[in-house]
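To find a chain, count down the sequence lines: A is the first, B the second, and so on, and within it residues start at 1.
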Amino acid sequence: MSDAVLSVLDELNPAQREAVETTEGPLLVLAGAGSGKTRVLTARIAYLIGTCGIAPESILAVTFTNKAAGEMRNRVQKMIGSASEGVWLSTFHSTCVRILRRDIGHLGFSRGFAIYDQKDGLGVVKEALKRQGLDPKEHDPRSMSWRIDQWKNAGVGPAAACDAAMDFEAQRAAEIYTTYQRLLVDSNALDFGDLLLLTTELFERYPEVLAHYRRRWQYVLIDEYQDTNRVQYKLVQQLAGEHRNLCVVGDPDQSIYAWRGADVRNILDFEDDYPETKTVRLEENYRSTQPILKAANGVIAHNVARKEKDLFTEKEGGDAIQIFEAVDDREEAQFVVSQILISARDDGRSYGQFAIFYRTNAQSRSFEEELLKYDVPYVVVGGVRFYDRAEVKDALAYLRLLINPADGAALRRIVNKPVRGIGKTTLERAERVSQEHGTPLLEGLRRVAEEGGRTAAKIQRFLALLEELERDIEGASSADAVGRILDRSGYLAALEKEATPEAEARIENLRELLSAADDFGRDAMGTDDDGRSEIERFLDLVALVSDLDSYDRKDECVSMMTVHTAKGLEYPVVFVVGLEEGIFPHSGSMRDERGIEEERRLCYVAMTRAMERLTLTSAQQRLRFGSRTYGVASRFLREIPAEVVDEASGRRSRSSQASDIDYSYSQESYGEDGNLDLAPGLRVRHPIFGDGVVRTVIGSGPSQKLRVEFERAGLKVLVVRFANLEFG
DNA sequence: GATCGCAATTTTTTT
DNA sequence: AATTGCGATC
C-alpha cells in the first residue's frame, strides 16, 4: 500500500474509513454537510488504485459541476500523482458527450453534432411554434421550452409525450415537442436534456455499446446523488446495474434541484433498488462551529418530509449567529461590507475568507457597488457567464457553423453580424425553402442565392466567406481559428469602427476568448481524443463549462454567488442576504409545502457553508424591477433557536434607527461636532492602501469624504467613517 | 433592409 | 434598471 494512501486513511474517522474501504458492491454514503464527503470520495479513488490495484481507467466518478470535478481531480492528484490521470472524472453531461461523440451514429445524428444551450433551444421552440402555425403570444415559448426540458429530465421522448397526453392542451404541447425535436435533428444539434436522454436511449437500443462501457467502468462513483433526475438515475443503473460496484454519496437535506427534475426518491429508495446495499452515515461535522450548526439544524428540523438526522460537532464555543434587519437594500449592503472591513482589520482576515450568498443573481448588484466604493476586491461566481456574452457567442457561433454546417441556431446568429445586408426577409425565404426540402438552413440560403434577386450577391459573398474560413481553420488551433474568424468576417473591424466604450469592452472580451482558446490549446496538446480536432473539443468545453475562471479561486477576493452555486463550498465568514418572504423563500416556490421545503433546504445549504461566523440579513424595503417593494423578514430567521443568536446584533423593530447598529468603526476620531479636524496635507494610514496624504476634504458629517493620495495605491476617495484611517 | 424609439417583460435557482 | 421585441419610418 502506498504511503500516501496510508496516511490519508489514518486521518479518517471510522465511518469515513468504512466508506473508503468498502469497495465491492453497492454503497450508500449519507454524508451530512461538512462531514468530509469530498475527502471520502477522493480517498476512495486513491484507495482503489493505490491499495486494491484497480486500473485507473476502470473508475468512473461523476459530479454535477465542473468545479466539483476539478477540485476532486486536484485532490486525487495530490494523493497519488500521475496514476490519477486515467480516472474518468467529470460531470454527467461531459461524460455523455464523450460517449455520444463516439457512438451517436446509431441514433441518426452525426458525430459532429452541436450542443444547444437554452437560448438556442428557445429559438428552436419559437421556430417550432411558427411551423405549427401557433401564435407565440398565446403560447409562451419559454414555458414551452421549460416543459420540454421537464419531459426530457423525466426520460419522456416526443412519442411518449403524445401517448400520455390526456387533454387537448397536452396534445398540442406534445406536438410542439415533436416538431422541436425534428428541428434539432435537422440542425444536427442536441440540447442539454438530449445529452442525457439520448445516451440512455443509445444504451437501451444498442446493448453492445452499453457492454463496452460496462466493461470499461468497473467502479462507479456518483456525487450529489440526491440531485440526480430520473434519466441520470437510469444512466447510473445501466452502467452499474450489472457489476454493482456502485458508490453513491449524498444528503437528502441538501436536495435543491427538484425544479429541474431531480428526484429525491433516487437516494431515498437506493436501499430498495440495491437490496444488498451497505449504508454508511457521516454525521460528524468538521466544518462549522457549534452555534452555526445548531442554527442550521434548527431550520432544517422544520421540514416535515424528512428523515430525522442531527449533525454534531465536537468543536466547542464559537461566535453567535448575527442577524441584521436593514431598512433597505442599500443599508443591507453597507452593513455587510462594513462588517467585512471591520473583520479584515480586527481579525486579520484576508478578503478571500468572506463570502456573500444570495437567492437570485440580481441581488449581487448592491453589494458590488458597495464593495467597489471601498476598493474591496471581489469575484462574482456564476452570474453573467463569460461564454454567454453576445460577442463571445457570436465568435463561437462562427466556429460552430464551420464545424457543423447544419447548425441553424449558429447560422441565424451570425448571418448578419456584422451587417451584410442579409436580413429578416431573406432569412424567412431561406427558412421556407429548407423546410420544403427538409434541408439545413444554410442549404436553404444557398438555394435562395441561386434563384437570383437583389440579395443573391450578398449571400454569395457570405457563402464565399464561409468557404474561405473553412479552408483556413482546417487543422488550425482553436485560437488561430477564432482569430481568423474575427479578422476575415469583419467582425472585429466593425467593433473597432464603433469606437465606443461598450465596443471597447467587447473587444477586450474577445481578446479574453482568444487567450482562453490559447490556454486550451496548450493544455490539450498531444492528447488525442478519438481523433477529434482541437477546435471540436474546445467547442465541447465552452458548451459545458459555465465560467472562464471557475477553476482557480481567487484568494484575495470576497466571493459572491447564488446559494445554488455555493453548494459544496466553504468559507470562514459567510453572509446570507435577502432573507425576506418572497425572496428567500422565493415567491415562485411558495405555492406548496414542497416548494417551501426545498427553499428551506436551500437555506440549510447556505448556512452550513460557514465555518466560523455566520450573518443573516434582510431588508424592509428594496428596489425590485425599478420600483420600491416592501418585505417581511423570512420565516427561516424565526426558525433559528434564539440561544444561538447574538442579541446585540438585534432583530430590531421597524421604528429603530440605523444608528442603533454600530457599523461605523472609527468613532473615536470624531471631533466634538462629530466632524474630524481634517485638512489637506495631513498624513494618514489605511489598512490596505498604506500611507498617504490628504489632498481634499469633501463635505462634513457622517458622509464626509477625503481624497487621499497614497504612496502605493495612488489617488482614492474614502468615506472617513468607514475608511478606518489612522491619523498623524 | 436598417435604424430608431417605445413598450413590455423580466427574477428563481443550472448542466 | 436593463434587456428584448416590435413597429414605424427612412
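Comparing B:dT13, B:dT15, B:dA2 against the side chain of A:N416 picks out B:dA2 as the nearest. Picking from B:dT15, B:dT11, B:dT12 the nucleotide with the shortest atom distance to the side chain of A:A362 gives B:dT11.
One atom, CZ of A:F64, and another, P of B:dT14, lie 14 Å apart when rounded to the nearest Å. Distance, A:Q150 CD to B:dT13 P: 15 Å, rounded to whole Å. The nearest whole Å value for the distance from the NE2 atom in A:H586 to the C1' atom in B:dT10 is 11 Å. Across the protein-nucleic acid pair, A:I256 atom CD1 and B:dT14 atom P stand 9 Å apart, rounded to whole Å. Taking atom CG of A:L602 as the reference point, atom P of B:dT13 lies 11 Å away to the nearest angstrom. A:F92 places its CZ atom 15 Å from the C1' atom of B:dT14, with the value rounded to the nearest Å.
Between A:W88 and A:W217, the ring-plane angle classifies as parallel under the 30° and 60° cut-offs.
Residue A:T562 places at least one side-chain N or O closer than 4.0 Å to OP1 or OP2 of B:dT14. At the phosphate of B:dT11, OP1 or OP2 sits under 4.0 Å from a side-chain N or O atom of A:R142. Between B:dT12 and A:S587, no contact under 4.0 Å exists linking OP1 or OP2 to a side-chain N or O.
Residues A:L544 and A:L195 have side chains in contact (heavy-atom distance under 4.5 Å, counting atoms from C-beta outward). Looking at A:L235 and A:Q238, their side chains come closer than 4.5 Å, going by heavy atoms from C-beta outward.
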**Fill in**
Whether each nucleotide of nucleotides 1-6 of chain C has a protein heavy atom under 4.0 Å at its base (B), only at its sugar-phosphate (S) or at neither (-) is summarised, 5' to 3', as BS-SS-
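Seen from the ring of A:Y233, A:R230 counts as a face-on cation partner, given the 6.0 Å and 45° thresholds. A cation-pi contact, defined as under 6.0 Å to the ring centre and within 45° of the axis, is absent between A:R131 and A:Y180.
Proximity of residues 257-266 of chain A to DNA chain B (heavy atom under 4.0 angstrom from any strand atom) is restricted to A:Y257, A:W259, A:R260.
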